[in-house]
Amino acid sequence: MRLSDDQLMDISARFRREMEKGLSNESNATAAVKMLPTHVYSTPDGSERGKYLALDLGGTNFRVLVVKIRTGMRNSVRMYNKIYAIPLEIMQGTGEELFDHIVQCISDFLDYMGMKNTRLPLGFTFSFPCSQTGIDKGDLVCWTKGFKATECEGYDVVDMLREAIKRRNEFDLDIVAIVNDTVGTMMTCAYEDPKCQIGLIAGTGSNVCYMEEMKNIEFVEGDEGQMCVNTEWGGFGENDNIEDIRTRYDREVDGGSLNPGKQRFEKMTSGMYLGEIVRQILIDLTKHGLLFRGRITERLKTKGIFETKFLSQIESDRLALLQVRSILQSLGLDSTCDDSIIVKEVCGAVSHRAAQICGAGMAAVVDKIRENRGLDNLEITVGVDGTLYKLHPHFSTILKDTVRELAPNCKVDFILSEDGSGKGAALITAVIDKYLYAMRFSDETLRDIMARFRREMENGLGRDTNPTATVKMLPTFVRSIPDGSEKGDFIALDLGGSNFRILRVKVSHEKKQTVQMESQIYETPEDIIHGSGSRLFDHVAECLGDFMEKQKIKDKKLSMGFTFSFPCAHTKLDEAVLLTWTKRFKASGVEGMDVVKLLNKAIKKRGDYDADIMAVVNDTVGTMMTCGFDDQRCEVGIIIGTGTNACYMEELRHLDLVEGDEGRMCINTEWGAFGDDGTLEDIRTEFDREIDRGSLNPGKQLFEKMVSGMYMGELVRLILVKMAKEGLLFEGRITPELLTKGKIETKHVSAIEKSKEGLTKAKEILTRLGVEPSEDDCIAVQHVCAIVSFRSANLIAATLGAILTRLKDNKNTPRLRTTVGIDGSLYKMHPQYARRLHKTVRRLVPESDVRFLLSESGSGKGAAMVTAWASRLADQTRQIAETLAEFRLTKEQLLEVKKRMRTEIQNGLSKNTQSTATVRMLPTYVRSTPDGTGERSTVILCIFLKIGRQTTRMICSDPPDIICHSFTAKKSINK
């Protein structure tokens, strides 16, 4: 299999002749290298702009992308994509089944992106030989790469796609172009490098395209300009002109393929076949007793068992023979160290030949371009894509060396295709998405999660269902947000993690309301977090004493707010019973106790200062109150950091657990426990379950473990470990550091996902874990991080969407306008998180205008705001009480009033004092009350009418049918 320079030169010359035959009108029909026109007349010039949908079909996976190009700016392409598997039965079924499957995938992606009602221009990357008569017309010449779908060859695949879209009848697309993967690679790289005029695929398949002069393409009209030609060089050799370099192993592989006699060059060079060539050689060597003690196992007899990825792993310079042996043993091959050496040599020979003959073909292409242009020397760039080129440790180097040797007058640069985004190559392969597909949610799935959370909210609010509800919907007794009139000097405590913060907050009114804050952070040691409750609150009281000493306010009794970021049941604003610890806290003797009483007890035990704890809130309420101080429309608070939670203002009439129907109250949802009853089992992954099993509270806070910063880095680590074990990352190497829990933190995920330096950061972080990552490893890890963090943002958007729709329904308004206050390190520090969250919320709750307001001062300031609000209410209550104090009479005063009234009544009844009495006691001449006998009696009515200053007396005797008259007196009255 080792080819000499002369042989390679001869192969290059033969390929050049086949290119010329393919370009000729007379010989094209019989040419093995078809040189198909693509009707792509130029590479990008940087002026392209707009939003496009792209489809990419070329192997066992199908990819759908949305590409956004900003006006006239290079490196300004954004891409969002999703990968779908194509089952073998679809690949080898009917054409209608294949294209219906493709359209189903497109439908799922458009749902995922919320774009089903948008008619976008679509480009179709179809990586199989096609005869094109226009840029949007392509008749399939023949299937390759294991595809055998019937009733496709000879048909226009664009028409087949359009017909499948019509059959589904869910959306419409404007299919404007069909290209193969080599053309797509060239166009992508040309956007980055204008000198790129060649595209190379060296992966599952193998192919090349390049910009040819129109005058040389005889079967296309026109002589001016250029057109990209798809060589379809995989067919090189079908006319037997490379039989002298084919081996019996190549013929064995060809004979066992789906298309014997076809794509012979591809079967010698592409990733789909190299592993199978190695397997055939190993069988032959074993038969001759040179390997595996002469024993041919059933596994070794199995076609396809030796995948090309094993070549890349075995040939790595960093892989010791012991690890090569481990790979062989995983394939059921009982090997010795000598066997490992031989296998490594076999792999090297097969891949070396593949790279060399690819280089020979490429040399023919660049020399032709140089001659077309009449140049002595050519500088040109080749855009490359494909896992063989990217993942194999030596393939790219051998290829480049061969081109340099065979085309000495051409300076050829090779650049990797990065999908036009500059953020990572197309190493978003099937294996990654196979593991992580369950983490990608369509909008339909997210709306279903919204509905589930809405039902859990209802359960938490109901008196009968609350005891069994996972989302506890705890009343906080905070009844409004700040109104801007608050003022005073307050202390705020903030306990919710390994650090404990104390603040002094001064709210003043001069020209406008201002807030001044001074704070200090105190560490909460691990032994206190996991110790006794008394030690924990003694520590808090000690820190508070130290802070007050430094502030010189130990002699003052300031109002205090306590941010206690754990699930609590409130009976009033300054009473909070801890339901359960979260966030690694496990202090004993606290659950079921009032934390305010525990803190007061610790403060009293010290005896060197006093405090008036007016309010205890959790961090979400603190965040809402902090943001409500700046924006009075704020009625939702969210924490997305180490932990996660949300609160919002609910109508009192919906709170069965609190008396009263008027007004509103802030509800602490404690949404971290969403799913503890199994509600989310269908979307939890094996990695989520492993995280839960290893946590301090298995089976609890399941939603929080899927989305919060405390667990995100660990989720990524578990995924990387599994991928490495499968040989998909780090050449299968797993270091002790990678196996250590907590070694990948959420801050590392944020760093890896940064747009510019993300891959550099990935390399630094992975190197510290001892894995020595390749560029492709870094790209794959970045993709894993993106999927994990995107899932978190989507799930938070779904639960927030449920709260927003409830607010909208409560207000009975067609469009909700509100503000959401947010705090938390994940939301603040992750480069993509906020944008993803906002965008998904807008899609899920389109009838809303939501402002997301970042809490700049944290939940501690919020505790002070709650205290200020409580103080304001207390002041108002005191002022009202002072105003109404004169109306409040004591028992002694009431007895005195009784005595005086008795005296006046006597005066009014006495003839001597009646004229001066204030209580006149006037007679009415009604001598009895009705006795109920119903007997008729004579009634004399004496009616006094006072009109002006005159009084007229009228006497009516025994009126026939009138018991009582009611008169309205006027200035004159008629008798």
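Given the structure is predicted, the values throughout are model-derived calculations rather than measurements. Residue numbers count from 1 along this sequence.
- Between the side chains of N259 and K267, at least one donor N or O lies within less than 3.5 Å of an accepting N or O.
- D240 has no carboxylate O lying under 4.0 Å from a charged side-chain N of R246, or vice versa, which leaves the two without a salt bridge.
- When side chains are defined from C-beta on, Y84 does not count as touching I102, because their heavy atoms never get closer than 4.5 Å.
- With respect to the salt-bridge test (charged N to carboxylate O, under 4.0 angstrom), the residues R168 and D100 do not qualify.
- Remark: the T381 side chain and the D193 side chain contain an N/O donor-acceptor pair separated by less than 3.5 Å.
- Side chains of T231 and L36 form no contact here, defined as non-hydrogen atoms less than 4.5 Å apart.
- Here K21 does not pair with E26 in a salt bridge; the nearest charged N to carboxylate O distance is not below 4.0 Å.
- Counting heavy atoms from C-beta on, the side chains of T308 and Y273 never come closer than 4.5 Å.
- Side-chain polar atoms of D376 and N409 form no donor-acceptor pair below 3.5 angstrom.
- With hydrogens and angles left out, the side-chain atoms of E18 and N239 include a donor and acceptor closer than 3.5 Å.
- A heavy-atom distance below 4.5 Å is found between the side chains of F171 and V103.
- No hydrogens or angles considered: a donor-acceptor pair under 3.5 Å links the side chains of N180 and T182.
- Under 3.5 Å, the side chains of H392 and E315 contain a donor-acceptor pair of N or O atoms.
- When side chains are defined from C-beta on, E213 does not count as touching D223, because their heavy atoms never get closer than 4.5 Å.
- Scored by the side chain to side chain donor-acceptor pair (under 3.5 Å) test, T150 finds no partners at all (sequence neighbours excluded).
- Applying the salt bridge (Lys or Arg N to Asp or Glu O under 4.0 Å) definition to pairs two or more places apart or across chains, those involving residues 349-371 are R16-E371, E20-K368, E212-K368, D250-R353, D367-R370.
- The closest side-chain donor-acceptor pair between Q832 and E753, if any, does not fall under 3.5 angstrom.
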Atom pairs and distances, side-chain donor-acceptor, residues 90-97, under 3.5 Å, sequence neighbours left out:
{"from": "Q92", "atom 1": "NE2", "to": "G146", "atom 2": "O", "distance (Å)": "3.4"}
{"from": "T94", "atom 1": "OG1", "to": "E97", "atom 2": "N", "distance (Å)": "3.1"}
{"from": "T94", "atom 1": "OG1", "to": "E97", "atom 2": "OE1", "distance (Å)": "3.4"}
{"from": "E97", "atom 1": "OE1", "to": "T94", "atom 2": "N", "distance (Å)": "3.1"}

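- Neither side chain, N207 nor D181, offers a donor N or O lying under 3.5 Å from an acceptor on the other.
- Side-chain atoms of E170 and S107 form a donor-acceptor pair, as typed in the model, at a separation below 3.5 Å.
- For the pair M214/E224, no side-chain contact is recorded, criterion being any heavy-atom separation below 4.5 Å from C-beta on.
- No hydrogens or angles considered: nothing links the side chains of Y155 and D139 as a donor-acceptor pair under 3.5 Å.
- In this structure, F219 and P37 have side chains that are in contact, with non-hydrogen atoms separated by less than 4.5 Å.
- Between L57 and F124 the shortest side-chain heavy-atom distance falls below 4.5 Å.
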